[in-house]
There are 2 protein chains.
Amino acid sequence: MRRGIEFKKKARIIIVDDNYEHLSGIKELIEIESDFDVVATATSASVAISLIKKYRPEIVLMDINMPEKDGLTAIAEIEKLDLGVRIIALTGYDDPDLIFRAMKIGAKGYILKTMASAQLIYAIDEVAAGKIYLPATLSSRFFEYFQQSFKEETENTDDEENLLNYLTQREEEVLDLLTQGITYKGVAQKLFISETTVKTHVNNIFQKLQVNDRTQAVLYALNNGFLNRRKVKIAI
Amino acid sequence: MRRGIEFKKKARIIIVDDNYEHLSGIKELIEIESDFDVVATATSASVAISLIKKYRPEIVLMDINMPEKDGLTAIAEIEKLDLGVRIIALTGYDDPDLIFRAMKIGAKGYILKTMASAQLIYAIDEVAAGKIYLPATLSSRFFEYFQQSFKEETENTDDEENLLNYLTQREEEVLDLLTQGITYKGVAQKLFISETTVKTHVNNIFQKLQVNDRTQAVLYALNNGFLNRRKVKIAI
DNA sequence: CTTCTTATAGACCGGATGGTCTACACCTTT
DNA sequence: AAAGGTGTAGACCATCCGGTCTATAAGAAG
């Protein structure tokens, strides 16, 4: 291990893998091929969490496929601790669902065990430098999954017949207020019109949306993309 | 342009950019540096859409920053046509929100105009080969944004105080039916209890959730993860 | 054994909500 | 000029909804 003119502090790493062979293999690799400091290793998620609290490493390499407590749950727990630990997920499979969930809960990188060792070192380097790193192939898989989720969502909403399209602008304003749980009186005041007028609008809305009451109207609106300019949902 | 033993068909490309200088620059670059076939160019989104319908290219390079109809809307429209066109977004800025939205609506790649020309060619290559391509730096930006969205979401839901936790099992059942827009009478029938009992439960629910009516209760439930085992939302 | 919680249920009341009908002013389209 | 759509508004009524109070039975917790 080189010394000397190195000023940037070596990132401390904890490695978690239930398979001891893999674990020591990775440890050796990192110690030989990089300047990172493996401060601890663990073969279970719960032990890992204690070690992380103790050592406060910059980086954690976390195997996802573990018995007992699985890696994803562990990542979520560690993230919730909010210790600034940057977690890189490790698995054998490039299952897009796994990748998606890992990145969703806050993993800063995701690499396959089958990838070249240089790839692993590079990933650690990038993540230690504050970036989020996904190899191009996994990134591609992630995005396919990601886009598919959105596609299914939008197919179910603005496709075919979205009754919301029949609403006039004023009716949309009224519905918007209804989706905030406001009463007739409140809506009347907000829009500077009489309560009766609001009722008229609301009745028209009900007819257009083919519902019987405000709750159903609100649900229809929410399920059919009424506020999707601001909030968008992903089905998972 | 090389010829000869090339058997794979050349991907046909349409380039869209309101700036004519850029447009011809890119066109020339592609014609000289790659084997792709620029079948058409357009300086506006609406013209582009007509051309796409006519030529059915494999790839579209779409500038995002355009007056009149902006690139994102254009991408959404083209995706809705479902012609199998693979769109690569082009901009000057690495705004994560733009990247997120572009990828969300189906862009298969995203590159900056400031990037090296080889990068562009590489991106087209990858996308033409069926992959989704984001340069590492943009990918990193995307994921930061993506994770932040989820973090805010979960912070607002299962964190701190989720009043839903105070509900009894029976109250949850009642609330579940309320979130389907069912009346007292309906709930009573479904649960085989009297209407009065339902009212009692509902009143208790209101108090626990600190709301005044069913609409607000439904909204609270929906916004605080009441059904989030099935659907998860991303704030955008 | 007593207390607390939960689920059940009735009574009563006022106000909110939904249904229907009518009416008028304004605008756009024909 | 006539017709249609939209936003406004009133009247009337039946019902639904929400608030409050009381009460009982079953089970859990102490």
Side-chain angles (χ1 to χ4, degrees), chain A residues 158 160-227 229, chain B residues 158 160-227 229:
Chain A
D158 52 38
E160 45 172 316
E161 279 282 284
N162 192 334
L163 300 176
L164 289 171
N165 296 144
Y166 299 142
L167 297 184
T168 67
Q169 216 175 340
R170 198 56 160 170
E171 286 162 355
E172 281 190 8
E173 288 181 66
V174 174
L175 181 55
D176 183 43
L177 294 174
L178 288 192
T179 61
Q180 294 170 38
I182 302 179
T183 67
Y184 283 158
K185 207 171 287 181
V187 174
Q189 284 174 6
K190 290 226 174 198
L191 298 183
F192 302 107
I193 55 181
S194 92
E195 210 176 320
T196 332
T197 307
V198 178
K199 286 180 57 174
T200 309
H201 286 313
V202 171
N203 268 296
N204 291 335
I205 293 172
F206 289 167
Q207 292 203 354
K208 290 188 179 177
L209 301 188
Q210 296 168 23
V211 298
N212 305 310
D213 56 54
R214 58 204 299 116
T215 309
Q216 288 175 15
V218 168
L219 289 171
Y220 186 93
L222 261 38
N223 288 328
N224 291 84
F226 187 63
L227 285 176
R229 280 134 246 170
Chain B
D158 52 39
E160 47 173 313
E161 281 281 285
N162 192 335
L163 299 177
L164 288 171
N165 296 143
Y166 298 141
L167 298 184
T168 68
Q169 217 176 339
R170 198 57 160 170
E171 285 162 357
E172 280 191 9
E173 288 181 66
V174 174
L175 181 54
D176 183 43
L177 294 175
L178 288 192
T179 60
Q180 294 170 38
I182 302 180
T183 67
Y184 283 159
K185 207 172 287 181
V187 175
Q189 285 174 6
K190 290 225 173 200
L191 298 183
F192 303 106
I193 55 182
S194 94
E195 210 176 320
T196 334
T197 307
V198 178
K199 286 179 58 175
T200 309
H201 286 312
V202 170
N203 266 295
N204 291 334
I205 292 172
F206 289 168
Q207 292 202 353
K208 289 186 179 178
L209 300 187
Q210 296 168 23
V211 298
N212 305 310
D213 55 54
R214 58 205 298 116
T215 309
Q216 288 176 14
V218 168
L219 289 172
Y220 186 93
L222 263 38
N223 287 329
N224 292 84
F226 189 63
L227 286 176
R229 280 134 247 169

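Every chain is numbered from 1, with letters handed out A, B, ... down the list of sequences.
Checking the phosphate oxygens (OP1, OP2) of D:dA9, a side-chain nitrogen or oxygen of A:Thr197 falls inside 4.0 Å. Residue B:Asn203 places no side-chain N or O under 4.0 Å from the OP1 or OP2 atom of D:dG18. Listed pair A:Tyr184 / C:dG15 fails the phosphate criterion, with no side-chain N or O lying under 4.0 Å from OP1 or OP2. Taking side-chain N and O atoms only, A:Lys199 has no distance below 4.0 Å to OP1 or OP2 of C:dG19.
Closest to the side chain of A:Thr196, out of C:dG10, D:dA11, D:dG18, is D:dA11. Distances from the side chain of B:Ser194 to the nucleotides C:dA7, C:dG10, C:dT17 place C:dG10 closest. Closest to the side chain of A:Thr200, from the set C:dA9, D:dG10, C:dG18, is D:dG10. Minimum atom distance to the side chain of B:Arg170 is reached by C:dA7, of the listed C:dA7, D:dG10, C:dG10. Of the listed nucleotides (C:dA9, D:dT8, C:dC12), D:dT8 has the atom at the smallest distance from the side chain of A:His201. The side chain of B:Val202 approaches D:dG18 more closely than any other nucleotide in the set C:dA16, D:dG18, D:dA9.
The interatomic distance linking A:Asn212 (CG) with D:dT15 (C1') rounds to 13 Å, in whole Å. Between the CG atom of A:Asn204 and the P atom of D:dA9 there is a distance of 14 Å, given to the nearest Å. When rounded to the nearest whole Å, the span between CD of A:Glu172 and P of D:dG7 equals 10 Å. A straight line from CG of A:Leu209 to P of C:dG18 spans 13 Å, rounded to a whole angstrom. Rounded to whole Å, atom P of C:dT8 lies 5 Å from atom CD1 of B:Ile193. For A:Gln207 and C:dC21, the CD to C1' distance is 12 Å, given to the nearest whole Å.
A donor-acceptor distance shorter than 3.5 angstrom exists from the side chain of A:Gln216 to the backbone of B:Gly181, with no hydrogens or angles considered. Although no hydrogens or angles enter the test, the distance criterion places a donor-acceptor pair under 3.5 Å between the side chain of B:Arg214 and the main chain of B:Ile182. Of the possible polar contacts, none joining the A:Asp176 side chain to the A:Glu172 backbone as a donor-acceptor pair under 3.5 Å is found.
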